[in-house]
Asker: 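Structure incoming, see below.
A, B, ... follow the sequence lines: proteins, then strands. Residue 1 opens every chain.
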Amino acid sequence: MTTLRSDFLHTITERGFFNQCTDLDGLDSRLSAGTVTAYIGFDCTADSLHVGSLLPIMLLRHLQKSGHKPIVLMGGGTTRVGDPSGKDEARKLLSDDDIARNMAGIKQVFGKFLTFGDGPTDAVMVNNADWLDQINYIAFLRDFGRHFSVNRMMSFDSVKLRLEREQPLSFLEFNYMILQAYDFLELSRRLGCALQMGGSDQWGNIVNGVELGRRVDARDLFGLTVPLMTTASGAKMGKTAQGAVWLNAERLSAWDYWQFWRNTEDADVGRFLKLFTELPIDEINRLADLEGAEINEAKKILANEATRLAHGAAAAAQAAETAKRTFEEGAAADSLPTVAIPAAELTTGIPAFALFARAGLAASNGEARRLIKGGGAKINDDAVGSETDLIGTPHLKDGVIKLSAGKKRHVLIKAE
RNA sequence: GGAGGGGUGGCCGAGCGGUCAAUGGCAGCAGACUGUAAAUCUGCCGACGAAUGUCUACGUUGGUUCAAAUCCAACCCCCUCCA
């Protein structure tokens, strides 16, 4: 890789975002010459995005910060088809209502990371349902279908892998890449968009769009992908026991979000700092070189920075403070997740297993019993003797009862 | 349309009349060791119940049987080959 002149490409390669590009030199020149408009598409398959989407979101953020214009494309239309990339099975079809609801949830996330508006480098959000829903089948086939070679489409991983594994691929899904290619063309026509970015699994879809633009409009379009994120031990990024690591506070509290980053594997700290914070590279290198227990300092900084971006400085500071009180001082920080129980019930006392289940520390009474039998449950930092012990008013300390499941999961019980 | 094969717990995958809440692996939870890490080792891992236990589960619906995930029938879905 030779020297890159544009700030954007320089930054993202340095920070580990770069996977591949259709024409790196050409893109570099274009970015150096002036403002470039670029887009990334997002599925509307859930009502929030999760950490898996954070990489492309950060990419758009860097794009905007280096003086270019990001477009967030909501896949309101394409979600109705379903992207087969990287999947062995067709996703179940979502209803239009679901899609609309999901889109509303996702929109909230972007406001934290990008500046929206009407200015030349302000981000805009568009929905591909706006044009895909209008398509006339025959006209579309004649105008664009002829530019796609089925032979070629079969060679793209999203299709090829499915066929090789003898997994079914419906014609509906087969069309996905054509629609995504068409999106790029539409965006280039409507908004002068010249670059599509996405995860490495989107490469085939992106290339198709670049080619369609050249064939139909003789446009120079570019594609760029970011690597697929996995942790150092090979797990997919952003999935935990409780489910995905959501970016919406409604789906996952800032405290849990902070904890997710705090628990990063050692081997990932440097890489994650580069990708998910905006600290200077020198500082990151220094942090990543910390050894042994010292690297915990780097993890705290990672958690602080990442939480600040998604939930704001105040939430990040509070999470950090709560963590300090809870883990370093062993105290019951009053900002731990709290569950209110009617005072009358506490007076009577609640069996320990039932309390753990109600606090959300166990999914069922049975699981709570197992937790207690296995010695992982604590009340006010003392192991619970028996699952049927009555817990109530006598256990209140400073007005709260601290329940712990293992070392990391804590909940405060308060009377109401 | 014809001939085969298959649908089992979050996933993969055994079981093929009772001893099956169902071997094993993965994932997950907890414990030990550590540093709120990884790796490793140990325990747990359907729901409800203090408990003998009760209930719900092996594509769906019926049937045979004292007894079915296991046998039979119909139906639904998937795969392979043939037309």
Asker: Look at the side chain of Arg370(A) and decide which nucleotide, out of G35(B), A47(B), C29(B), has an atom nearest to it.
Answerer: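 Selected nucleotide (nearest to the side chain): A47(B).
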
Asker: Which of these nucleotides, A38(B), G35(B), U36(B), is closest to any side-chain atom of Ile295(A)?
Answerer: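 Selected nucleotide (nearest to the side chain): G35(B).
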
Asker: Nearest of C29(B), A38(B), A51(B) to any side-chain atom of Leu371(A)?
Answerer: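 Closest nucleotide to the Leu371(A) side chain: C29(B).
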
Asker: Now, which nucleotide makes the Watson-Crick or G-U wobble pair with G9(B), with each of the two distances under 3.5 Å?
Answerer: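 Per the H-bond distance test, none.
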
Asker: Determine which nucleotide pairs with A30(B), using a 3.5 Å limit on both distances of a Watson-Crick or G-U wobble pair.
Answerer: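 For A30(B), the partner nucleotide comes out as U42(B), under the 3.5 Å rule.
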
Asker: Let's test this: given Watson-Crick or G-U wobble pairing with both distances under 3.5 Å, identify the partner of U61(B).
Answerer: A73(B)

Asker: Heavy atoms only, 4.0 Å cut-off, all strands: where does Arg262(A) land among base, sugar-phosphate and nothing?
Answerer: base

Asker: Between G53(B) and A21(B), how far is it from one C1' atom to the other, in whole Å?
Answerer: 14 Å

Asker: Would you mind telling me which of G35(B), U36(B), A51(B) lies closest to the side-chain atoms of Lys373(A)?
Answerer: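 Given the options G35(B), U36(B), A51(B), the side chain of Lys373(A) is closest to A51(B).
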
Asker: Would you mind reading off the distance between Asn365(A) atom CG and G46(B) atom P, rounded to a whole angstrom?
Answerer: 15 Å

Asker: What is the distance from CG of Asp266(A) to C1' of U34(B), rounded to the nearest Å?
Answerer: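 Going from Asp266(A) (CG) to U34(B) (C1'), I get 11 Å.
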
Asker: Nearest to the side chain of Arg409(A) - A50(B), G35(B), C29(B)?
Answerer: C29(B)

